[in-house]
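Notes follow the structure.
In what follows, every heavy atom counts, from backbone to side chain, and hydrogens, waters and symmetry copies are set aside.
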Amino acid sequence: MITSIKKTLLLCSGSLCVLLGLIGIVLPLVPTTPFLLLAAWCYAKSSQKLYDRLLHTKWLGTYIHQYRTQRALPLKTKWTALLVLWGSAFYSIFFLVPLVIIQIFLTGVVLYISYFIFSLKTLR
């Protein structure tokens, strides 16, 4: 049974991710698909109504549908996600995190995520 606090946090997180996904449609450096996938996950755990609504939205549902059915992302989405990932990781690793072991761990995580993104099929 999901608690009301957890449900509220998931609803807020899902809504924030939808907003960031919408921004990503317009701004080239903000990835769209990862935020929409996260929003779909949050909504699936907290509100079936919002989940269904998101999946059946004309523009946003397409991104989620492509990933779920084809395990594929558009090339632009892949590169944008990688640029944002590596840019933020570079800043964090070299300017925010003083411990070398944490820097190495973060680098490993970023490499794994990069591998995962590149392992997905590319939609053209």
Side-chain angles (χ1 to χ4, degrees):
M1 185 85 181
I2 190 166
T3 65
S4 62
I5 294 172
K6 186 175 179 181
K7 183 176 180 177
T8 302
L9 287 174
L10 287 169
L11 287 171
C12 291
S13 297
S15 299
L16 177 64
C17 288
V18 168
L19 178 63
L20 292 172
L22 288 170
I23 291 170
I25 292 172
V26 181
L27 296 177
L29 289 180
V30 179
T32 300
T33 305
F35 284 122
L36 294 179
L37 291 173
L38 185 55
W41 182 84
C42 290
Y43 285 161
K45 299 286 185 185
S46 61
S47 171
Q48 187 65 40
K49 181 180 174 182
L50 289 175
Y51 177 71
D52 291 339
R53 192 170 173 189
L54 178 64
L55 291 183
H56 293 95
T57 303
K58 182 179 178 180
W59 292 329
L60 304 181
T62 304
Y63 290 101
I64 299 166
H65 180 72
Q66 288 171 342
Y67 179 80
R68 290 179 70 201
T69 59
Q70 302 173 36
R71 297 274 300 162
L73 296 174
L75 185 60
K76 179 184 173 190
T77 301
K78 283 184 173 187
W79 281 109
T80 303
L82 288 171
L83 285 172
V84 170
L85 174 68
W86 278 98
S88 60
F90 178 82
Y91 179 77
S92 296
I93 290 168
F94 292 106
F95 299 109
L96 297 179
V97 178
L99 299 173
V100 174
I101 190 73
I102 303 297
Q103 292 173 338
I104 293 169
F105 176 75
L106 285 174
T107 302
V109 169
V110 169
L111 286 170
Y112 177 77
I113 293 170
S114 299
Y115 168 76
F116 176 77
I117 290 171
F118 273 118
S119 70
L120 297 172
K121 290 187 284 185
T122 302
L123 296 173
R124 300 205 183 254

Should Val18 and Leu55 be counted in the same cluster of Ile, Leu, Val, Met, Phe, Trp and Tyr side chains packed under 4.5 Å apart?
-> yes
Between the NZ atom in Lys6 and the NZ atom in Lys45, the distance rounded to the nearest 0.5 Å is 7.5 Å
Set of residues satisfying side-chain hydrogen bond (donor to acceptor under 3.5 Å, both in side chains) with respect to Ser47, sequence neighbours excluded | none
Measure the CG-CD1 distance between Leu54 and Ile64 for me, rounded to the nearest 0.5 Å.
-> 3.5 Å
Pairwise ring pair (Phe, Tyr, Trp, His ring centres under 6.0 Å) hits with a residue in residues 92-113, at least two apart | Phe90-Phe94, Tyr91-Phe95
Sort out for me which residue in Val109, Leu111, Val110 forms a side chain to side chain contact (heavy atoms under 4.5 Å, CB included) with Ile113.
-> Val109
Contacts of Leu19 meeting side-chain contact (heavy atoms from CB on, under 4.5 Å) (sequence neighbours excluded), chain-then-number -> Ile23
Without swapping roles, check the side chain of His65 against the backbone of Gly61 for a donor-acceptor pair under 3.5 Å.
-> no
Without swapping roles, check the side chain of Thr32 against the backbone of Gly24 for a donor-acceptor pair under 3.5 Å.
-> yes
Which value, rounded to the nearest 0.5 Å, describes the distance between Leu22 atom CG and Leu36 atom CG?
-> 7.0 Å
Are Trp79 and Phe118 close enough that their ring centers fall under 6.0 Å?
-> yes
Can you measure from NZ (Lys78) to OG (Ser119) and round to the nearest 0.5 angstrom?
-> 7.5 Å
What heavy-atom pair brings Ala39 and Gly14 nearest, and what distance separates the two atoms?
-> CB-O, 3.4 Å
Residues clustering with Leu9 (ILVMFWY side chains joined when closer than 4.5 Å, directly or via others) = Ile5
Contacts satisfying side-chain hydrogen bond (donor to acceptor under 3.5 Å, both in side chains) that involve residues 15-26 (not counting sequence neighbours) are Ser15-Tyr43
Kindly compute the distance separating CG (Leu73) from CZ (Arg71), expressed to the nearest 0.5 Å.
-> 9.0 Å
Side chain proximity check, Leu106 to Val97, heavy atoms < 4.5 angstrom | yes
With sequence neighbours excluded, tell me which residues meet side-chain hydrogen bond (donor to acceptor under 3.5 Å, both in side chains) with Trp86.
-> Ser114
Begin from the C-alpha positions of Gln70 and Leu120 and carry the test side chain to side chain contact (heavy atoms under 4.5 Å, CB included) through to its verdict.
-> CA-CA 9 Å; Gln70 302 173 36; Leu120 297 172; over 6 Å; no
Member of Ile102, Thr107, Ile104, Val100 meeting the side chain to side chain contact (heavy atoms under 4.5 Å, CB included) criterion with Ile93 | Thr107
Hey, are the side chains of Lys76 and Thr80 touching, using non-hydrogen atoms and a 4.5 Å cut-off?
-> yes
Step-by-step side chain to side chain contact (heavy atoms under 4.5 Å, CB included) determination, Leu50 to Leu11 = CA-CA 9 Å; Leu50 289 175; Leu11 287 171; 3.6 Å; yes
How long is the span from the CG atom in Leu37 to the SG atom in Cys42, to the nearest 0.5 Å?
-> 11.0 Å
